[in-house]
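Following: one structure in structure tokens, then a few remarks.
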Amino acid sequence: MTSLETSEATEDSGPGGYAAARLLLLQEKERPGPPRRAALARLTDDWLAGLFAAAAPPRGTALVAVGGYGRGELSPRSDLDLLLLHDGTADKAAVAALADRIWYPVWDLGLALDHSVRTPAEARATAGEDLKVHLGLLDARPLAGDHGLVAALRTPVLADWRNQAPRRLPELDALCRERAERMGELQYLLEPDLKEARGGLRDAQVLRAVAASWLADAPREGLDTARRRLLDARDALHLATGRATDRLALQEQDAVAAELGLLDADTLLREVYEAARTISYATDVTWREVNRVLKARSARPRLRALLSRSGAAKPPVERTPLAEGVVEMDGEAVLARGARPERDPVLPLRAAAAAAQSALPISLHAVRRLAAVAKPLPVPWPAEAREELVTLLGAGEATVPVWEALEAEGLITLLLPDWERVRCRPQRNPVHTWTVDRHLVETAVRASSLTRRVGRPDLLLVAALLHDIGKGWPGDHSVAGETIARDLAARIGFDRTDTHVIATVVRHHLLLVETATRRDLDDPATVQSVATAVGTLGTLELLHALTEADALATGPAAWSSWRASLVADLVKRVAGVLAGEPLPDPEAAAPSAEQERLAIEALRTGEPVLALRTEPAGAEADGPGPAGAEPEGPEPVGVELLIALPDQPGVLPAAAGVLALHRLTVRAADLRAVDLPVGLGSGSVLVLDWRVAAEYGSLPEAARLRADLVRALDGSLDIPARLAEREAAYPRRRGLTAPPPRVTVAAADSRLATVIEVRAQDAPGLLHRIGRALEGAAVRVRSAHVSTLGANAVDTLYVTRPDGSLLPDEEAIDLARTLEEALR
């Protein structure tokens, strides 16, 4: 919009003229970002000034923009933060009438308004009581009326802020910490709040406020760019949604990316994460400096009194050695006076390792000096550099802030060039808590607590750091990661044997958990295939620890005592094979005592028999459970449901349907035919071993489940109709459309059954629908293995023909297609 067009559009100071001009401005494509925000602020300034003038304001009044509007940061749907200031001499009714003539036109346009009417003294007093008001007034900007009145407010408000900084800044720090705890960290959230999450626009405003106190200042490099990126993203979000929202929801991200001219939603998130990381790091450094200054100020009067009484000179600053070239000073790891980073290429890793081992932050000055003058490490790295990297990774939680400090100044990419591809890379699976790079560091942190379980802790920690490094490349990230890990391990200085082990562990880092949760462990082909891939007991040991660390670092849905017990069982069997022990014959496997008891009862009565047991977390684990203390309360997978009944058609869909009707989520399932030993009974009995959790509320009684199962099997309970009624009663929530189901014939080399793998969106009744399709295809289910991770389900089915033989290839492919169609 040209200045002439703006002038013409705003000739009328009423809502209509402003609304038309505003709409024209927001429809422009040539002026996005800061120019558009500034133009929108000017347009709004002129309109509000016109409203103020048209209202015949009494003397001693002024209209003031505060907060974001005061800074001129108006996004398309931003609130208008306004203060009507008066000196107290005008009639109260006249001031109230003036306020109404300004506020109501704003409301008539549907704009959000945060407003107040105060004298300078009242505004100053309110600021003294309300920290948020004080922050808003720091950005006060006059729009119309008595500018001298505004200056009379701004000057004392700013002076109060500086004078009260020792009291107000700790209060602000606590407020920021509470908000971060509540809203999360923007740089890791899949659907972040651009304003309130840690590292967002609110924190950028806080950094400005801290700088205004003159007590400390934030690192300025990249800060303005980061803030501008977040503001641009918020502008695009407002335009794409037409709503005043700061939450970058999944379903809006492609439209926001398009509005910004970016390639896709992943590119958008990566830019947002980069910006948030810059602000978060600046926030950490700034608050550290604030606390250091406040601590020094509080100690200074006492120190001055002591020195005056003793006549002693000012004591030198204490510097405690941490490592060669690294000392502790004022609670930070800093470079020693004699350190020569330009001659010591290992110093960056040595300083980082010393800081992490001492649980200290590494100072901003030290990191910047190292980034500026340190020489690249020779390739391969010397042994000391490799050892310092392992020490850094083994420091536990203290590794994270030190690693982030190195990343902020580009040192990690200098050490590990392939890191750039995973830096700030989003993970589209909501099961993941972190971005790819932070997940890798978090996995190393988790692995550091498991190093006593392995013979080579150094290989475990490095493999943990690199296990998902292939996610920066197209294709299977495990395959790509093997090649990258091999190159990086050699670069770091590992010999050929160790490099091969690291590459193997990276290649197969998902093998144990996927096999344990999706395959029949009683099938010799399952155990043999893992043994062949792993190769040695030492590699198996590393893989077991990495599996647990990776899952714990992924998120709460990725690990449980049930998964731990399955993985431990698989590891025990594979270790036996690698040690030369023969595999047991699955056909000769005896049922457990509980299964045998239920099977006998089912044969005797000819009806289903159920047992529902709640067990403490980790009670059944065959090996070590998750690191650390036992979780509080039972895990959502700690309920075992055993069902035994005479072999008959329709068991799987009936049982799965009954569980769905009772709102029980199936976490894991195993279904197999049991032949009782001679003398205990005759006939085949199906035993279903389920792990279930209630969606909400308490578990149903076993008697109710049994009664409904009997009705489902005799046809008197119409499960499909009941499930359809429930689905119709609850409309689907708005969100991303789930990808279509995919059914494949797995190359499992099983001699017992054909293996079908179903990948689909998890939903109530999914296993019931699968069971119905299998019954319609006239195949027998030998065993079923359910794995649910977040919104995704992977169900593996071991099926045969009715006579127990494997399905020919063509029949297996046809069955997969039939299942896929049935689930669409």
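A salt bridge links D203 with R179: the closest approach of a Lys/Arg side-chain nitrogen to an acidic carboxylate oxygen falls below 4.0 angstrom. The pair D114-K132 does not meet the salt-bridge criterion, since no charged nitrogen lies less than 4.0 angstrom from a carboxylate oxygen. Under the 4.0 Å criterion applied to side-chain N and carboxylate O atoms, D266 and R428 are assigned as salt-bridge partners. Remark: R368 engages E221 in a salt bridge, criterion side-chain N to carboxylate O under 4.0 Å. Ion pairing between a basic and an acidic side chain is recognised when a charged N comes within 4.0 Å of a carboxylate O; R425 and E420 show no such pairing. Salt-bridge formation is detected for the pair D173/R177: a Lys NZ or Arg NE/NH1/NH2 atom is positioned less than 4.0 Å from an Asp or Glu carboxylate oxygen.
Residues T435 and R277 are in side-chain contact: their nearest non-hydrogen atoms beyond the backbone lie under 4.5 Å apart. The closest side-chain heavy-atom distance from R438 to R423 is not below 4.5 Å.
Residues satisfying the salt bridge (charged side-chain N to carboxylate O under 4.0 Å, His left out) criterion with R228, sequence neighbours excluded, are absent altogether. In this structure H147 satisfies the ring-ring contact (aromatic ring centres under 6.0 Å, His included) test with no other residue, sequence neighbours excluded.
The aromatic rings of H432 and H439 lie perpendicular to each other, with more than 60° between the two planes, well past the 30° mark.
Put simply, the side chain of T61 gets close to the backbone of P58: a donor and an acceptor are under 3.5 Å apart. The closest donor-acceptor contact from the side chain of Y273 to the backbone of L189 lies under 3.5 Å.
From R77, atom CZ reaches atom OG1 of T245 across 12.0 Å, with rounding to the nearest 0.5 Å. A distance of 12.5 Å separates CG in L237 from CG in D232, rounded to the nearest 0.5 Å. Put simply, CZ on R168 and CG on L131 are 5.0 Å apart, with the number rounded to the nearest 0.5 Å. How far CG of L411 is from CG of L406: 5.5 Å, rounded to the nearest 0.5 Å.
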